Amino acid sequence: MAAIVRATTAATAEAVSRLAGRTASSSASAAGTWRHEAPAVLLPYINGASHTPAASAGLPLRDVVHPASGEVLTQAVDCDAAVVDAAVDAAKVAQSEWAKLGGIERAHVMRRAALILRERNDELARVEALDTGRAIAETLVVDVVSAIDALEYFSGVASTLGGQHVQMPGGNWAYTVREPLGVCAGIGAWNYPLQSAAFKLAPALACGNALVFKPAEDTPNSAVLLAGVLSEAGAPDGLFNVVLGAGETGQLLSRHEGIAKVSFTGEAGTGKLVCRDASHTLKKVTMELGGKSPLVIFSDADMDNAVAGAMMANFYSTGQVCSNAARVFVHRDILEEFTARVVARTKKLTIGDPMDKTTDVGSLITHEHLGKVMSYIDEAKADERAQLLCGGNVVSSDALPPHCANGPFVEPTIFAGCTDDMRIVREEVFGPVMTILPFDDEAEVVARANDTPFGLSAGVFTNDLTRAHRVIGQLQAGTCWINNYNLAPVELPWGGYKQSGLGRENGVAAMEYWTQLKSVYVEMGNVDCPYKE
């Protein structure tokens, strides 16, 4: 999911200042202060409590580490089929109770959960930064806030669910009813773990469903905490269960006969596998997948905003955002000025300890992912067509605080001179890597922007309102921006075209994907039967 960056600079400063007042100011001393007080072993959350599996002695434990420092935060239990069965069984019981409630009654619980999250914003923001390696300056104003937004928004929608009345000939009539699907599964992403969980949980609950959620194996802590918050808010035990593990656990959910729907956020290849597994029982699916999105900057664009938008489209969350526009198409008339300004501003970014309030860019999620990102960078550096303008290297240990010296940090990187057929331009890097691509006319850039198997997002910067709408209308993407980038308000549907996904999250449109429609015909007269009595 894209970063929700609606908070003002003043709000960001206030939140960081508030938190900094309770922590050490230097990176070195902050390392100890920020230690996450997680349990030694993180257990799944089932039926309103931490769940100790019957076969727990035989289940593997997985280290959950702070990416920047390598510190082990906790060890998470990899759940087996018996644990998944227990979660589904508990959800089935809770869902039957939850579905009987009216929308306003469901909303009461959801709003209480939102209130608890608001009170615990700083604590949960710290957990997100520790789990993901993203800068605390981001998580303070994005992650928990977006989860609150989702719960509050869908609590309002819950009481508006309704059907349609259809008048039929002869005084007969019909109506439709939106009913819950039942027990649903959510499989979350590691870049925005709490947001990913809340964006599935909130509409599921509003529609009367129960949810069994599997967070990404690298970032499980906030989902378990969210489940506890929902219990504290008064939700029935078992309404929201969290199971832990990697792909094997996700596959148990996707194939489970007791699951009516799977909502997945992640990489397109994995999404296809989830769809395949879900097809065995014809489950409903929604897929929020990756992309290789274009950002088109015309010559009349406001230069300051265009530069800022390009940076938000590439470097926020260390570039680990599915909607990022790593293909920045710039009109040739302003190419030189835009390039100089975006490079100069990128070089000012502060890379370092994610828990330091002054850090702009934190670490990548793992060393394995660092290797993937660097493989794209190194290949482009070896191509004589590409011009490396800044970055392009693993951050030197000397440039990092001692406790982060061995972390997976990469410099924000900008290439020019790339061509549309290069791998770094065509494939999702999922790191802080921007490619600047010149164009000459509108028709050309629209064709090039659409030349991708993906279609999650797209952006246009121009002061020509007619052109803005004309170009957006031609771009093959599900989530688009004009003169901004990577905003994702919960009121607006989110999803992609082509291989970037199926269905929609957020907005009223999401309700269609968490319900099933029943049609009822009402006969007011006698049955017209042609057969002899």
Side-chain angles (χ1 to χ4, degrees), residues 1-5 64-68 73 124-147 150 186-200 213-223 226 246-247 250 263-271 287-293 312-326 354 359-373 407-410 412 427-433 454 456-457 479 485-488 494-496 500-501 505-506:
M1 177 59 66
I4 298 183
V5 286
V64 179
V65 305
H66 178 37
L73 304 172
L124 290 165
R126 180 180 62 197
V127 171
E128 290 293 83
L130 284 167
D131 265 14
T132 64
R134 290 171 43 231
I136 188 71
E138 291 180 13
T139 63
L140 275 170
V141 296
V142 173
D143 298 56
V144 190
V145 172
S146 62
I187 301 175
W190 50 256
N191 56 340
Y192 282 82
L194 182 61
Q195 181 189 91
S196 183
F199 280 9
K200 301 179 191 309
F213 184 76
K214 189 199 83 68
E217 63 268 29
D218 294 316
T219 56
N221 282 299
S222 60
L226 178 61
S263 175
F264 172 79
T265 299
E267 185 264 335
T270 307
M287 299 276 130
E288 199 271 286
L289 307 177
K292 192 68 179 181
S293 301
M312 294 302 296
N314 282 275
F315 303 136
Y316 204 76
S317 302
T318 322
Q320 298 167 125
V321 180
C322 57
S323 57
N324 270 2
T359 294
D360 297 313
V361 180
S363 72
L364 295 174
I365 186 68
T366 62
H367 281 279
E368 179 183 6
H369 188 57
L370 172 65
K372 174 192 170 185
V373 172
F409 290 84
V410 63
E427 298 180 11
E428 185 177 35
V429 177
F430 220 64
V433 180
F454 302 108
L456 181 56
S457 300
T479 306
Y485 206 87
N486 263 351
L487 297 179
W494 178 275
S500 287
E505 290 187 336
N506 293 345

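All figures in this text were calculated on a predicted structure; none of them were measured in a lab.
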Closest non-hydrogen atom pair, L226 against A197: CD2-CB, 3.9 Å
Flag, side chain of D218 to backbone of V64, donor-acceptor distance under 3.5 Å: no
Donor-acceptor contact below 3.5 Å, side chain E138 vs main chain S317: yes
Heavy-atom pair with the smallest gap, counting every atom of T219 and A189: OG1-O, 4.1 Å
Test item: P408 and H369 side chains (from C-beta on) under 4.5 Å apart, heavy atoms: no
Side-chain donor/acceptor of S500 to backbone N/O of L289, under 3.5 Å: no
Min side-chain heavy-atom separation T366-W190 under 4.5 Å: no
Distance-minimising heavy-atom pair for V144 and A125: CG2-N, 3.7 Å
Non-neighbouring partners of E267 that pass side-chain hydrogen bond (donor to acceptor under 3.5 Å, both in side chains), sequence neighbours left out: T270
Interatomic spacing from CD in Q320 to OG in S363 - rounded to 0.5 Å: 7.5 Å
Distance-minimising heavy-atom pair for C322 and E288: SG-OE2, 3.2 Å
S293 side chain near Y485 side chain, heavy-atom distance below 4.5 Å: yes
Side-chain heavy atoms of N324 within contact of N486, under 4.5 Å: yes
Heavy-atom check, side chain of T359 versus side chain of P354, under 4.5 Å: no
Contact check, side chains of L124 and D143, non-hydrogen atoms, under 4.5 Å: no
For the student: nearest non-hydrogen atoms of S457 and W494, plus distance: OG-CH2, 4.2 Å
Side-chain donor/acceptor of T479 to backbone N/O of G495, under 3.5 Å: yes
Smallest separation among heavy atoms of L364 and P432, with atom names: CD2-CD, 4.1 Å
Residues forming a side-chain hydrogen bond (donor to acceptor under 3.5 Å, both in side chains) with K214, sequence neighbours excluded: none
K292 and V429: CA distance, side-chain angles, deciding distance, side chain to side chain contact (heavy atoms under 4.5 Å, CB included) verdict: CA-CA 9 Å; K292 192 68 179 181; V429 177; 3.9 Å; yes
H66 side, atom NE2; T132 side, atom OG1 - distance, nearest 0.5 Å: 8.5 Å
From CZ (F264) to OG (S196), nearest 0.5 Å: 9.0 Å
pair E505-S263: side-chain heavy atoms closer than 4.5 Å: yes
Side-chain heavy-atom pair L370, V410 within 4.5 angstrom cut-off: yes
Reference residue T318; test side chain to side chain contact (heavy atoms under 4.5 Å, CB included); the match among V373, N191, V361: V361
Check: T265/Y192 side-chain N/O donor and acceptor closer than 3.5 Å: no
